[in-house]
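Scroll down for the structure; my scribbles are underneath it.
Values in this document were obtained by computation on a predicted structure and should not be read as measured data.
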Amino acid sequence: MRFAVIADIHGNARALRAVLADMDALGVAEAVNLGDFFSGPLDADETAALLAERNYPSIRGNHDRYLITQAREDMGLSDGAAFDLLSETHLDWIRSLPETLSFHGDVFLCHGTPTSDQTYWLERVNPDGSLRRATLSEIEAEAKGIGASLILCAHTHLPRIVHLSDGRLIVNPGSVGCPAYDDDHPVYHCVETGTPNASYAIVEKTPDAWTVTFRSIPYASTEASALAAKNVRAGWARALATGWISEASD
């Protein structure tokens with residue numbers, strides 16, 4: 001069993017094309033998609049068309065949920081920008097998706113944690129807004145009751161792999177289309193990868209264990225940054241061009 005894991009595209013069709021081309025070059029035909037497909041000031045409609053062509057098993061992320069549960073006037077800037085480019089067919093597709101999914105019997109998919117699409121699993125935000133890695137006990141507490149040997153999560157945009165004490169593996173593939181962001185929940189903080197590259201993972205089940213390969217793919221990130229700037233989203237433009245978003249990163 002060998003397949004790709006993609007997540008957090010956030011409407012970045014240029015990054016998604018690069019990832020799909022890399023998968024094709026490596027002969028990886030199967031993939032799963034962990035959500036947050038569209039929200040952002042970029043190309044939600046083009047992203048939807050690319051995903052429709054592949055029709056990978058997919059789950060909803062928190063921003064996908066916002067697109068189908070919030071009134072347009074209540075949406076944040078990124079959700080509203082995507083909503084304006086999506087058709088009712090696209091929204092119906094989101095509505096049809098589950099929040100979690102079992103794949104090939106031994107793989108479990110979620111966006112944040114198994115019980116929340118907006119909770120960080122492998123990281124924690126400190127009261128001062130700094131980010132830390134979650135402890136093994138914190139991580140394992142969220143994994144109770146999940147029998148799959150491979151657990152896939154997303155949401156933080158940070159590529160990570162964690163081995164649980166019982167041998168299970170948790171993998172976050174990183175973000176295809178958004179390498180840095182800031183958020184007000186639970187307190188203001190920034191998450192930054194430090195690279196504009198598109199990130200995804202390839203996993204393979206061998207007789208002995210799962211192997212994981214993280215892929216960091218250069219693409220036309222300056223074009224994506226320019227589009228964000230044109231749409232008056234300076235933070236997005238900075239993140240897409242550099243992989244950093246906070247002024248303190250200078």
Side-chain angles (χ1 to χ4, degrees), residues 6-16 33-48 51 58-95 97 99 110-113 116-121 123-125 129 131 153-158 172 174-193 196 198-199 221 224-249:
I6 62 175
D8 293 294
I9 303 164
H10 282 280
N12 192 337
R14 291 170 176 81
L16 178 57
N33 190 343
L34 306 183
D36 278 6
F37 317 108
F38 305 126
S39 292
L42 300 172
D43 303 296
D45 49 349
E46 293 184 35
T47 300
L51 292 177
S58 302
I59 59 172
R60 290 200 308 259
N62 59 306
H63 283 281
D64 306 313
R65 175 168 56 84
Y66 302 155
L67 289 172
I68 58 173
T69 60
Q70 294 183 344
R72 173 63 180 85
E73 60 269 20
D74 296 329
M75 291 181 183
L77 291 175
S78 292
D79 299 324
F83 184 87
D84 291 343
L85 291 174
L86 296 173
S87 69
E88 194 62 28
T89 298
H90 300 144
L91 298 175
D92 282 341
W93 177 70
I94 297 174
R95 294 184 184 103
L97 299 177
E99 296 178 356
C110 63
H111 183 73
T113 72
S116 170
D117 62 14
Q118 57 185 7
T119 299
Y120 292 176
W121 194 348
E123 289 79 25
R124 293 293 187 273
V125 181
L131 206 67
C153 69
H155 190 47
T156 62
H157 301 199
L158 297 173
N172 185 326
S175 172
V176 169
C178 180
Y181 65 90
D182 57 1
D183 194 1
D184 291 326
H185 179 78
V187 297
Y188 181 79
H189 64 281
C190 298
V191 178
E192 301 165 309
T193 63
S199 178
S221 55
S225 175
L227 178 57
K230 179 182 177 182
N231 290 330
V232 200
R233 298 296 302 280
W236 267 83
R238 177 184 175 88
L240 292 166
T242 66
W244 303 96
I245 193 168
S246 66
E247 295 298 330
S249 302

(request) Would you check if the side chain of T193 reaches a backbone N or O of P179 as a donor-acceptor pair within less than 3.5 Å? (result) yes
Would you mind writing out the side-chain donor-acceptor pairs for residues 38-45 within the sub-3.5 Å range, not counting sequence neighbours?
{"from": "S39", "atom 1": "OG", "to": "D79", "atom 2": "OD1", "distance (Å)": "2.6"}
{"from": "D43", "atom 1": "OD2", "to": "R14", "atom 2": "NH1", "distance (Å)": "3.0"}

(request) Report the C-alpha distance between L51 and I9 in whole Å, list the side-chain angles of each, state the deciding distance to 0.1 Å, and finish with yes or no for side chain to side chain contact (heavy atoms under 4.5 Å, CB included). (result) CA-CA 10 Å; L51 292 177; I9 303 164; 3.9 Å; yes
(message) Quick one, F37 and L97 - any side-chain contact, counting heavy atoms below 4.5 Å?
(response) yes
(request) Please lay out, stage by stage, how D84 and R72 fare under the test side chain to side chain contact (heavy atoms under 4.5 Å, CB included). (result) CA-CA 9 Å; D84 291 343; R72 173 63 180 85; 2.9 Å; yes
(request) Among V125, D183, L131, find the one that has a side-chain contact (heavy atoms from CB on, under 4.5 Å) with V191. (result) L131
(request) Indicate yes or no: does D36 engage R60 in a salt bridge with an N to O separation below 4.0 Å. (result) no
(request) Say whether Y181 and H189, considering side chains only, have a donor N or O and an acceptor N or O under 3.5 Å apart. (result) no
(request) Please tell me if the side chains of W93 and S58 come closer than 4.5 Å, counting only heavy atoms from C-beta onward. (result) yes
(request) Test side-chain hydrogen bond (donor to acceptor under 3.5 Å, both in side chains) on D182 and Y188 and set out the steps. (result) CA-CA 7 Å; D182 57 1; Y188 181 79; 2.8 Å; yes
(message) Give me the atom names and distance for the closest heavy-atom approach of S221 to P196.
(response) OG-CB, 3.8 Å
(request) Over all heavy atoms of both residues, which pair between L91 and F83 is shortest? Give the atoms and the distance, please. (result) CD1-CE1, 3.6 Å
(request) Using only heavy-atom distances, determine whether the side chains of T47 and N12 contain a donor-acceptor pair under 3.5 Å. (result) no
(request) Evaluate the side-chain proximity of C153 to C110: yes if any heavy-atom separation is below 4.5 Å, no if none is. (result) yes
(message) Between R233 and S78, do the side chains contain a donor N or O and an acceptor N or O under 3.5 Å apart?
(response) yes
(message) Do S225 and W236 make a side-chain contact, defined as non-hydrogen atoms from C-beta onward lying under 4.5 Å apart?
(response) no
(request) Could you grab the distance from atom CD of Q70 to atom CZ of R65, nearest 0.5 Å is fine? (result) 8.0 Å
(request) Measure the OG1-CE distance between T69 and M75 for me, rounded to the nearest 0.5 Å. (result) 7.5 Å
(request) Would you confirm whether E192, through its side chain, and A180, through its main-chain N or O, come within 3.5 Å as a donor-acceptor pair? (result) no
(message) With a 4.5 Å cut-off on side-chain heavy atoms, are V176 and D8 touching?
(response) no
(message) Between the side chains of R95 and E88, is the shortest nitrogen-to-carboxylate-oxygen separation below 4.0 Å, so that they form an ion pair?
(response) yes
(request) Can you measure from OH (Y66) to CD (Q118) and round to the nearest 0.5 angstrom? (result) 4.0 Å
(message) Just verifying a value: how many Å separate L86 CG and I94 CD1, rounded to the nearest 0.5 Å?
(response) 6.0 Å
(message) Quick check: do I59 and N33 have side-chain heavy atoms less than 4.5 Å from each other?
(response) no
(request) Indicate the atoms forming the closest heavy-atom contact of S116 with T119, along with that distance. (result) OG-OG1, 2.7 Å
(message) Taking A154's backbone N and O only, do any of them form a donor-acceptor pair with N172's side chain (distance below 3.5 Å, no angle check)?
(response) yes
(message) As an exercise, state the distance from CG of D92 to OG of S87, rounded to the nearest 0.5 Å.
(response) 8.0 Å
(message) To the closest 0.5 Å, what do you measure between OG (S175) and NE2 (H157)?
(response) 4.5 Å
(request) With sequence neighbours left out, write down each residue that passes ring pair (Phe, Tyr, Trp, His ring centres under 6.0 Å) with H111, or none if nothing qualifies. (result) H155
